[in-house]
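Scroll down for the structure; my scribbles are underneath it.
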Amino acid sequence: MKKWLKVLLKILAAIVIAIVVFMAIVFIVNKVSSKSELGKIQTYGQLVPVDGKKMNVLIQGEGKETIVLLPGYGTAAPALDFKPLIDELSPFYRVVAVEPFGYGLSDGTDKERSTENIVNELHEALQALNIDRYILMGHSIAGIYGIDYANKYTSEVTAFVGIDSSVPTQPGMDVKFPLKTFGFLKQSGLQRLLVKTGSDPYEGLPYDEETREQLALLSLKNSNSPTMLNEMKNIYPNFKAAEHLTFPKELPIIFFIQANNEDIATWIPLHEEQIKDSVHGKVMIFEGGHYLHHTKSKEIAENFKTFMEEVK
């Protein structure tokens with residue numbers, strides 16, 4: 001009996017040692033790789049001063065009207081992620097892709113990721129660029145920040161475009177995210193291991209190899225960073241704060257949304273409700289996933305241009 005117990009203890013000790021060694025290797029590889037990859041990240045856009053830090057903004061096109069692009073939550077490099085859509089819009093508009101703090105090449109921040117702070121920072125970035133009349137076009141959670149923004153800066157925003165954008169009253173946003181677990185995955189290096197052994201989310205999409213490589217590098221850098229995790233913590237409070245908000249009645253609004261949202265059965269009616277009192281409101285439905293701008297950029301650009309011509 002004692003002999004078997006000793007054998008069992010030795011096996012358990014070996015397993016523990018193996019796990020410790022494995023975790024140590026993963027941690028060290030992550031630290032070394034993270035430092036090495038910083039030198040491989042290529043710059044794009046321009047850095048503008050915001051709240052004592054630097055926010056990255058990419059501007060493409062020279063049209064008379066300006067479109068400001070806002071990303072969905074967790075998009076590691078918005079200016080690169082939006083590239084297919086920017087390329088479709090920039091022949092007709094000046095397109096300004098803003099990378100909020102914690103995204104893309106922008107600095108991180110310790111300031112709470114409340115809608116109020118995020119909106120104020122976005123506005124400060126545009127002010128630094130002397131941009132004071134523009135169309136807001138946003139993906140996913142930008143629907144929450146955008147509705148607040150449109151009410152706060154009504155004299156500047158000329159239209160709102162939602163790309164499968166979030167709605168303040170959509171169900172299921174009271175979920176409690178495992179923030180500590182996500183933080184541990186990031187710090188331990190296990191996140192890198194999971195990413196490296198997984199598939200490329202941009203494979204088969206209209207991105208060249210160089211852009212896909214940069215997206216992968218920036219995803220490893222930014223995903224589950226302290227800034228991102230703080231925004232995740234604030235997702236539910238930000239949705240709650242927006243529940244009473246509606247878009248200004250006179251503001252032209254068009255939503256491009258997916259036809260089949262498997263998580264929210266009322267996805268289409270929720271967006272139709274948002275435009276019911278709008279003088280110029282429209283909902284367009286596309287077959288595709290949440291990231292419609294990855295696969296439907298041409299259709300989005302064409303229908304948006306037609307919509308704005310009809311409004312005029």
Side-chain angles (χ1 to χ4, degrees), residues 23-24 26-45 47-58 70-81 97-125 138-142 144-145 148-149 166 173-196 198 201 214-242:
M23 290 300 296
V26 170
F27 177 80
I28 293 170
V29 168
N30 181 58
K31 287 294 183 182
V32 172
S33 297
S34 296
K35 188 174 182 179
S36 171
E37 287 166 356
L38 289 176
K40 298 178 183 178
I41 295 174
Q42 300 173 6
T43 59
Y44 53 85
L47 296 172
V48 297
V50 176
D51 196 31
K53 296 180 177 294
K54 296 292 184 181
M55 187 173 287
N56 195 56
V57 179
L58 175 73
L70 303 178
Y73 173 75
T75 301
L80 300 182
D81 181 81
V98 183
E99 299 189 322
F101 287 141
Y103 290 70
L105 301 179
S106 295
D107 290 340
T109 181
D110 294 329
K111 184 171 282 189
E112 201 69 20
R113 296 296 79 204
S114 64
T115 294
E116 180 181 10
N117 288 339
I118 290 170
V119 166
N120 288 342
E121 291 159 3
L122 294 172
H123 185 254
E124 188 176 338
H139 172 243
S140 195
I141 203 170
I144 302 303
Y145 306 145
D148 183 271
Y149 197 113
S166 302
M173 301 317 298
D174 56 347
V175 62
K176 291 186 177 180
F177 296 100
L179 300 175
K180 290 183 179 180
T181 299
F182 291 151
F184 171 75
L185 290 174
K186 172 79 169 181
Q187 295 301 319
S188 66
L190 288 174
Q191 175 177 289
R192 174 183 294 277
L193 183 62
L194 292 171
V195 169
K196 290 294 186 180
Q214 290 299 306
L215 283 162
L217 291 172
L218 286 163
S219 178
L220 286 168
K221 173 180 172 288
N222 293 331
S223 295
N224 289 330
S225 67
T227 303
M228 286 282 193
L229 291 178
N230 187 271
E231 186 178 356
M232 183 184 287
K233 184 189 76 172
N234 277 282
I235 285 178
Y236 180 56
N238 288 339
F239 269 82
K240 287 294 291 182

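In this chain, residues are counted from 1 in sequence order.
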Step through the shown structure and confirm whether more than 12 heavy atoms of other residues, nucleotides or ligands are within 6.0 Å of CG on Asp174.
yes

Ignoring hydrogens and angles, tell me if any N or O in the side chain of [X] forms a donor-acceptor pair with the backbone of [Y] under 3.5 Å.
| X | Y | result |
| --- | --- | --- |
| Lys186 | Ser223 | yes |
| Ser33 | Val29 | yes |
| Ser34 | Asn30 | yes |
| Glu124 | Asp51 | yes |
| Asn56 | Tyr44 | yes |
| Ser166 | Ser140 | yes |
| Thr227 | Phe101 | no |

Between [Y] and [X], is there a side-chain heavy-atom distance shorter than 4.5 Å?
| X | Y | result |
| --- | --- | --- |
| Ile144 | Ile235 | no |
| Met228 | Tyr103 | yes |
| Lys180 | Phe184 | no |
| Pro100 | Leu122 | yes |
| Tyr149 | Ile118 | no |
| Thr75 | Glu99 | no |
| Leu190 | Met23 | yes |
| Leu58 | Leu80 | no |

Supply the atom-to-atom distance [X] [atom1] to [Y] [atom2], rounded to the nearest 0.5 angstrom.
| X | Y | atom1 | atom2 | result |
| --- | --- | --- | --- | --- |
| Leu105 | Ile41 | CG | CD1 | 7.0 Å |
| Glu231 | Asn238 | CD | CG | 7.5 Å |
| Leu70 | His139 | CG | NE2 | 12.0 Å |
| Lys31 | Ser188 | NZ | OG | 10.0 Å |
| Met232 | Lys176 | CE | NZ | 15.5 Å |

Of the non-hydrogen atoms in [X] and [Y], which two are nearest, and what is the gap between them?
| X | Y | value |
| --- | --- | --- |
| Lys53 | Gly108 | CD-O, 3.3 Å |
| Ile141 | Tyr73 | CG2-N, 3.4 Å |
| Pro71 | Ala142 | O-CB, 3.8 Å |
| Val119 | Asp148 | CG2-OD1, 3.6 Å |
| Ala125 | Val48 | CB-CG2, 4.0 Å |
| Ala76 | Asn222 | O-ND2, 3.0 Å |

So Glu116 and Lys111, salt bridge (charged side-chain N to carboxylate O under 4.0 Å, His left out) or not? Walk me through it.
CA-CA 11 Å; Glu116 180 181 10; Lys111 184 171 282 189; over 6 Å; no

Between Lys196 and Leu220, does the side-chain contact (heavy atoms from CB on, under 4.5 Å) criterion hold? Intermediate values first, please.
CA-CA 10 Å; Lys196 290 294 186 180; Leu220 286 168; 4.2 Å; yes

Inspect the contact between Arg113 and Glu121 and indicate whether a charged nitrogen and a carboxylate oxygen are less than 4.0 angstrom apart.
yes

Can you see whether Asn234 engages Ser114 through a side-chain donor-acceptor pair at a distance of less than 3.5 angstrom?
no

